Amino acid sequence: MKRSQLLGRTLRESPQVQDPWTELALRAAIVRIIDDQVVYLPLGERVIVRLMDAMRSIHPPAQEVRLQPGFVEEGWLQFLQDEIQSYRQLPVTLFARRTVRSLEPAQGLARPPWRRALQWFRMSITGEDLRNYHDQWVQSVEALWSEVGIAPRWLEWRSNGYGWSYLHEKGPDEMLSCTACEYLGSSEVAKFRRQSDLEDNLEEMMPVATPGADTIRALADMLSVPESKTLKAVFLMGEDKHLVLVVVGGNLDVSLTKISGATGIRSLQPASEELIRSVGAEPGYASPIGLEVKESLQDKGILVIGDLSIECGVNFIAGANKPGFHMRGVNFPRDFMVTIVADVAQAKEGDGCPECGEALATTRGIYLGGWQWSSSSIQYSNEEGHNRYAQIGLGTLFVEPILAALLVEHSDNQGMIWPVGLAPFDVYLVELKCPKEAKMIVEDVEAAGLSVLHDDRKTSPGVKFTDADLIGLPIRLTVSRRSLEQGGVEFSIRGKDIRQILPLESVGESLLAVFCSIM
RNA sequence: CGGGGCGUAGCGCAGCCCGGGAGCGCACCUGCAUGGGGUGCAGGGGGUCGGCGGUUCAAAUCCGCCCGCCCCGACCA
């Protein structure tokens, strides 16, 4: 490929963006960003193709399917329920290259509005089979990380899942990490220890007049108790107007992600007041006391999720479901029911680490992908003809975030230093007014099976060398009058202080030998 | 909804106070020189100055209205 014909100029001045990977990608002609939308220039697309090949090849064969861009996650289950009827079809592994829309606001290259993803979907009859597959998958991905030279951290990620994050202060994703041990979790799903405030002396439940105290803050102030002694009741509704009541300690906030994970209900939003009143609760003075609560997920009544914090305290203040009144001395489970108790409160900086109890601190990074154990499932018929639920897991790797991590990991002040195997081309040929010799070199090197970017532009040597460093191909060749006088073409490796002259006649062979040795 | 700022070449901006020639940097084009680290010199193309109206001999510049973008406030938690 001739450099003069390659689309995408390198930028002399650093574009003003907030993170180093986007800056490098713009400077080195890997991408352009137009109104948050990413355009991959030829150099970038070549890297993406190689990266996706590397990602794809980490894993044993799976049947490949194609899902159109924007295909929703839940669609997998419906699709498989249609296709899988019998145990004879199981286990099955599917693979898909997808383009998924980011749920979060776009932010540079690490979080574009649409990102490419590779997904592996495993459906098993037994939990053991799925666990084995999962172990194998995780091992393969770990091998990929070492192959491409990054060391992301393992963390709790999404609901029912784990994943990897490349830690970086400019990363778009917020996490909580333990200041003492290895625990790491995304802000939405990080676990934490509730402060325990148990005592044996359970008070009687009594109404107390609290006119105007329709927020936790006002209630705590009026009764002169800490917010943690109150119970917060949050009403949410799912897409189909299914009502969910969440009960947490008054000092905590609910995590929608955790609730989705615990209930399987997607796209939760605050419930309307009329929906709240329709079940007998009073906005501002609500609690599960006296409501018809589901005893299990299949029962009639209101779905009530109790956070772990309701078991960590006694004698709470909670709403009386009457305007202007609360109840004091409220104790779980003596005074109210919940359908399930789960971890549904949002962890924040300073909370106790779930592993060791030390303080959690905010950390930033880039999510690269991870594994999720599906909470819902599909049915198939077993050998006896009975319906059974399959065990399902989903592994995902995100292409753009991984590229962002690679950009920052494999670069120096001069630009990229591509690992062999991911570089958009193998060789950067700097030609200084030696077109004939350059042509021979290109043919020779390409015959040896290596790809060459031939800088044939009419510009000064400085420009070409600087560009060679910025673009960062593993090998640089320089052919000039000077090099010819010294007996051939100058060879150097990006990022290393190696320079030597290779004879013109055997450049291809020599490079091939070098390549085998550094791969 | 209120307050403030901005709008001039592909991008970034100056000029406006104090009215008269539409400019600068980057990018682009041409030529010459240079040839081992974003080189030098010379020349060149490119803009309804956000829109409409007013004042004036004359408006990017002053005045009024409108449009668009950004920030702050308010509402909400």
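Keep in mind it's a predicted model, so treat the numbers as computed, not measured. Chain naming here is simple, since letters A, B, ... match the order of the sequence lines and numbering starts at 1 in each.
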Rounded to the Å, how far apart are D467(A) CG and G36(B) P?
-> 17 Å

In whole angstrom, give the distance that lies between atom CG of D455(A) and atom P of G37(B).
-> 15 Å

Looking for any heavy atom pair under 4.0 Å, which part of the strands does L11(A) touch: base, sugar-phosphate only, or nothing?
-> base

Atom-pair distance (CD1 on I471(A); C1' on G38(B)), nearest Å | 13 Å

Tell me which of R9(A) and S483(A) sits closer to the 5' end of RNA chain B, going by the nucleotide each one is nearest to.
-> R9(A)

Pairing partner (Watson-Crick or G-U wobble, both distances under 3.5 angstrom) of A74(B) | none

Could you check which nucleotide pairs with G43(B) in any of the strands shown, counting Watson-Crick or G-U wobble with both distances under 3.5 Å?
-> C29(B)

Scanning all shown strands, the Watson-Crick or wobble mate of U34(B) with both distances under 3.5 Å is none

Could you state the atom-to-atom distance from CD of E13(A) to P of G38(B) in whole Å?
-> 15 Å

Any strand is fair game: report the nucleotide pairing with C69(B) by Watson-Crick or G-U wobble, both distances under 3.5 Å, or none.
-> G5(B)

Within this structure, what is the CD-to-C1' distance between E490(A) and G37(B), rounded to whole angstrom?
-> 12 Å

Could you check whether the rings of H168(A) and Y166(A) sit parallel, tilted or perpendicular, using 30° and 60° as the cut-offs?
-> parallel

For nucleotides A60(B) and G4(B), find the distance between their P atoms and express it as a whole number of Å.
-> 26 Å

Which is it for R3(A) and D456(A) under the salt bridge (Lys or Arg N to Asp or Glu O under 4.0 Å) test, yes or no, and what are the steps along the way?
-> CA-CA 6 Å; R3(A) 182 73 175 82; D456(A) 59 332; over 6 Å; no

Which of G38(B), G36(B), G37(B) is nearest the side chain of R482(A)? It is G36(B)

Among side-chain atoms of D19(A) and T22(A), is any donor-acceptor pair under 3.5 angstrom?
-> yes

For A27(B), does OP1 or OP2 lie under 4.0 Å from any side-chain N or O of R12(A)?
-> yes

P atom, G47(B) versus U39(B): distance in rounded Å?
-> 28 Å

If you pin V479(A) and S460(A) to their nearest nucleotides in RNA chain B, which one's is more 5'?
-> V479(A)

With C1' as the reference atom in both, quote the distance from G37(B) to G31(B) in angstrom, rounded to an integer.
-> 25 Å

Sticking with atom C1', work out how far C62(B) lies from G19(B), rounded to a whole angstrom.
-> 8 Å

Give T215(A) one of three labels, base, sugar-phosphate or nothing, depending on what nucleic acid heavy atoms sit under 4.0 Å from its own.
-> nothing

Base, sugar-phosphate alone, or nothing: which one does R27(A) contact when heavy atoms must sit under 4.0 Å apart?
-> base

Is it the case that Y428(A) and D455(A) place a side-chain donor and acceptor less than 3.5 Å from each other?
-> yes

Roughly how many Å is it from CG in L470(A) to P in G37(B), rounded to a whole number?
-> 17 Å

Can you tell me how far C1' in G23(B) sits from the matching atom in C49(B), rounded to whole Å?
-> 11 Å

With no hydrogens and no angle check, is any side-chain donor or acceptor of W418(A) less than 3.5 Å from a backbone partner on I471(A)?
-> yes

Rounded to whole angstrom, note down the C1' distance from U48(B) over to C67(B).
-> 16 Å

Could you state the atom-to-atom distance from NZ of K458(A) to P of A33(B) in whole Å?
-> 13 Å

Once you round it to whole Å, what is the distance between P of A27(B) and CZ of R32(A)?
-> 14 Å

Ignoring hydrogens and geometry, is there a side-chain-to-backbone donor-acceptor pair from N321(A) to S287(A) under 3.5 Å?
-> yes

Say you pick atom P in C17(B) and the same atom in A59(B); how far apart are they, in whole Å?
-> 14 Å

Is there a Watson-Crick or G-U wobble partner for C13(B) with both distances under 3.5 Å, and which nucleotide is it?
-> G23(B)

State plainly whether the residues D426(A) and R50(A) are in salt-bridge range, i.e. N to O under 4.0 Å.
-> yes

Name the pairing partner of U48(B), where a pair is Watson-Crick or G-U wobble with both distances under 3.5 Å, or state none.
-> none

Whole-Å C1' distance, G43(B) and C52(B) | 40 Å

Select one nucleotide: of G38(B), G36(B), A27(B), the one nearest the side-chain heavy atoms of F465(A).
-> G36(B)

